[in-house]
Amino acid sequence: MACKAGKEEHSRPIPDEFVRDGHVGRLTPLQSQIYGIFLEQLKEFKEQNPVIGQVEDKLIAEKQGKVEVLHLKFLRARAFDEKQALKMYTEFLKWRIEFQNGLGVENITLDSIQNEFQREKCFAFGKDKDGRPVIWIRVGKHNKHKCDHEELERFVAWFFDNAKHIVDHPIETATVIIDLSGLGMDCLDMTAARALMDVLANKYPESLGHGFITNAPWIFGAFWRMLKPFIDPHTMSKISFVKNEKLKEYIDDESILEEFGGTGIYKREKDPLILFSTMKANKKAQNQSTEGSCFGADLS
């Protein structure tokens, strides 16, 4: 039995973070040189665009100065072409402040995405055997005719922006399970699917470890053929159609939901993204309160 378990363990692909060049601690001499050029060009861009530069400064503060992981994701996504990577990265920074007519990604509140949360069609639960957080997307709970697409857009931006905070070093990616059980024509939303692909590919690149599509009915075939051209080849190589039993090769029972053959039970109040977002909102309110008190004291 032990030999069998060992064989299954080694049959899983080793995470890119541990073996692929272009990650922190695994840069080739040429990649190191290109990264240095990227940093010089980024510094110049920030000097010329101070408002956008402040967005990056906040990201650096969030990561306690360790922003190299984020930079390298964009460089890998553009095959270490520093000009293309810089363009992609600065567009990401700009998007963060211009999102939804200036609302900004950082200002998305839980109250503004409550409808999406209540449907529980996308959430984080458990970790795979390599330590990646597992994200569950249940497409059958989506109805394109009853969906507020602006709220959905906020939810997607909020979700993936906060998801980066539940990944533990050295893991940089997540395992995503797309469940198609209960799928009907009203669930097939090309606008939402393309928006999701755009956010993953252009705003949070190199974030997918595994993508498993399960319980796919026949009606999904035509939709998938239309969607595939909008998914980059590297991402496509990580996506596979599987039966629920296959998930156990990658994820332990306690991190697999009961309806997929595991023992896990999702509870919204324990969702790591909600807990993190609530903590961040409380901290922001506390800082604003402190600043207000100091300002009042100065006036007196």
Do [X] side-chain atoms and [Y] backbone N/O form a donor-acceptor pair below 3.5 Å?
| X | Y | value |
| --- | --- | --- |
| K248 | G261 | yes |
| D252 | S255 | no |
| E153 | E150 | no |
| W136 | A124 | no |
| K246 | F212 | no |
| T191 | D189 | no |
| K164 | D161 | yes |
| D130 | R132 | no |
| R138 | L180 | no |
| R78 | Q84 | no |

Shortest non-hydrogen contact from [X] to [Y]?
| X | Y | answer |
| --- | --- | --- |
| I239 | I231 | CD1-CG2, 4.5 Å |
| I219 | L188 | O-CD1, 4.0 Å |
| G140 | C187 | O-SG, 3.7 Å |
| V105 | A157 | CG1-O, 4.3 Å |
| V69 | E172 | CG1-CD, 3.7 Å |
| Q41 | L86 | CB-CD2, 3.6 Å |

Taking the side chain as everything from C-beta on, heavy atoms only, tell me whether [X] gets closer than 4.5 Å to [Y].
| X | Y | result |
| --- | --- | --- |
| S277 | L110 | yes |
| F159 | L273 | yes |
| N49 | T90 | no |
| N202 | M197 | no |
| I251 | V134 | yes |
| L227 | R194 | yes |
| I135 | T175 | no |
| I108 | I113 | yes |

F38 and F80: CA distance, side-chain angles, deciding distance, ring pair (Phe, Tyr, Trp, His ring centres under 6.0 Å) verdict
CA-CA 9 Å; F38 172 90; F80 273 81; 9.2 Å; no

Is [Y] reachable from [X] through a run of hydrophobic residues whose side-chain heavy atoms are each under 4.5 Å from the next?
| X | Y | result |
| --- | --- | --- |
| F230 | M226 | no |
| M88 | I60 | yes |
| M236 | I137 | yes |
| M190 | V156 | yes |
| F276 | I171 | no |

Does a salt bridge link [X] with [Y], judged by any charged N lying under 4.0 Å from a carboxylate O?
| X | Y | result |
| --- | --- | --- |
| E62 | K58 | no |
| K83 | D81 | no |
| E206 | R20 | yes |
| R119 | E116 | yes |
| E120 | R268 | yes |
| K127 | D168 | yes |
| K203 | D198 | yes |

Exercise: do [X] and [Y] side chains pair donor with acceptor under 3.5 Å:
| X | Y | result |
| --- | --- | --- |
| N244 | T214 | yes |
| D128 | H210 | no |
| Y89 | E56 | yes |
| D232 | T235 | yes |

Distance, nearest 0.5 Å, that separates [atom1] of [X] from [atom2] of [Y]:
| X | Y | atom1 | atom2 | answer |
| --- | --- | --- | --- | --- |
| K280 | L275 | NZ | CG | 13.5 Å |
| L27 | Q33 | CG | CD | 12.0 Å |
| I37 | E82 | CD1 | CD | 5.0 Å |
| I97 | E106 | CD1 | CD | 10.0 Å |
| H142 | C122 | NE2 | SG | 12.0 Å |
| N143 | M185 | CG | CE | 12.0 Å |

Can you tell me if K87 has over 12 outside heavy atoms packed within less than 6.0 Å of its NZ?
no

N101, CG: over 12 other non-hydrogen atoms inside 6.0 angstrom
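No.
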
side-chain contact (heavy atoms from CB on, under 4.5 Å) between L247 and I177, intermediate numbers included:
CA-CA 9 Å; L247 299 178; I177 298 173; 4.1 Å; yes

How are the rings of F74 and F92 set to each other: parallel, tilted or perpendicular (split at 30° and 60°)?
tilted

Aromatic rings F117 and F155: how do their planes relate, parallel, tilted or perpendicular, breaks at 30° and 60°?
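Taking F155 first and then F117, their aromatic rings stand perpendicular (interplane angle over 60°).
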
After noting the C-alpha distance and the side-chain angles of Y266 and D271, does the key distance pass the side chain to side chain donor-acceptor pair (under 3.5 Å) rule?
CA-CA 8 Å; Y266 172 72; D271 188 308; 2.7 Å; yes

Decide yes or no on side-chain contact (heavy atoms from CB on, under 4.5 Å) for I265 and F125, but give the supporting numbers first.
CA-CA 9 Å; I265 300 175; F125 175 79; 5.8 Å; no

Carefully, step by step, assess T263 and D253 under the rule side chain to side chain donor-acceptor pair (under 3.5 Å).
CA-CA 6 Å; T263 60; D253 279 3; 5.6 Å; no

CA sep, side-chain torsions, deciding dist, call: D186, K146, salt bridge (charged side-chain N to carboxylate O under 4.0 Å, His left out)
CA-CA 9 Å; D186 288 343; K146 298 180 180 179; over 6 Å; no

Apply side-chain contact (heavy atoms from CB on, under 4.5 Å) to E68 and Y35, showing your working.
CA-CA 9 Å; E68 186 179 4; Y35 184 37; 3.6 Å; yes

Output, in order, the C-alpha distance, side-chain angles, deciding distance and verdict of side chain to side chain donor-acceptor pair (under 3.5 Å) for T109 and D111.
CA-CA 5 Å; T109 64; D111 286 342; 5.3 Å; no

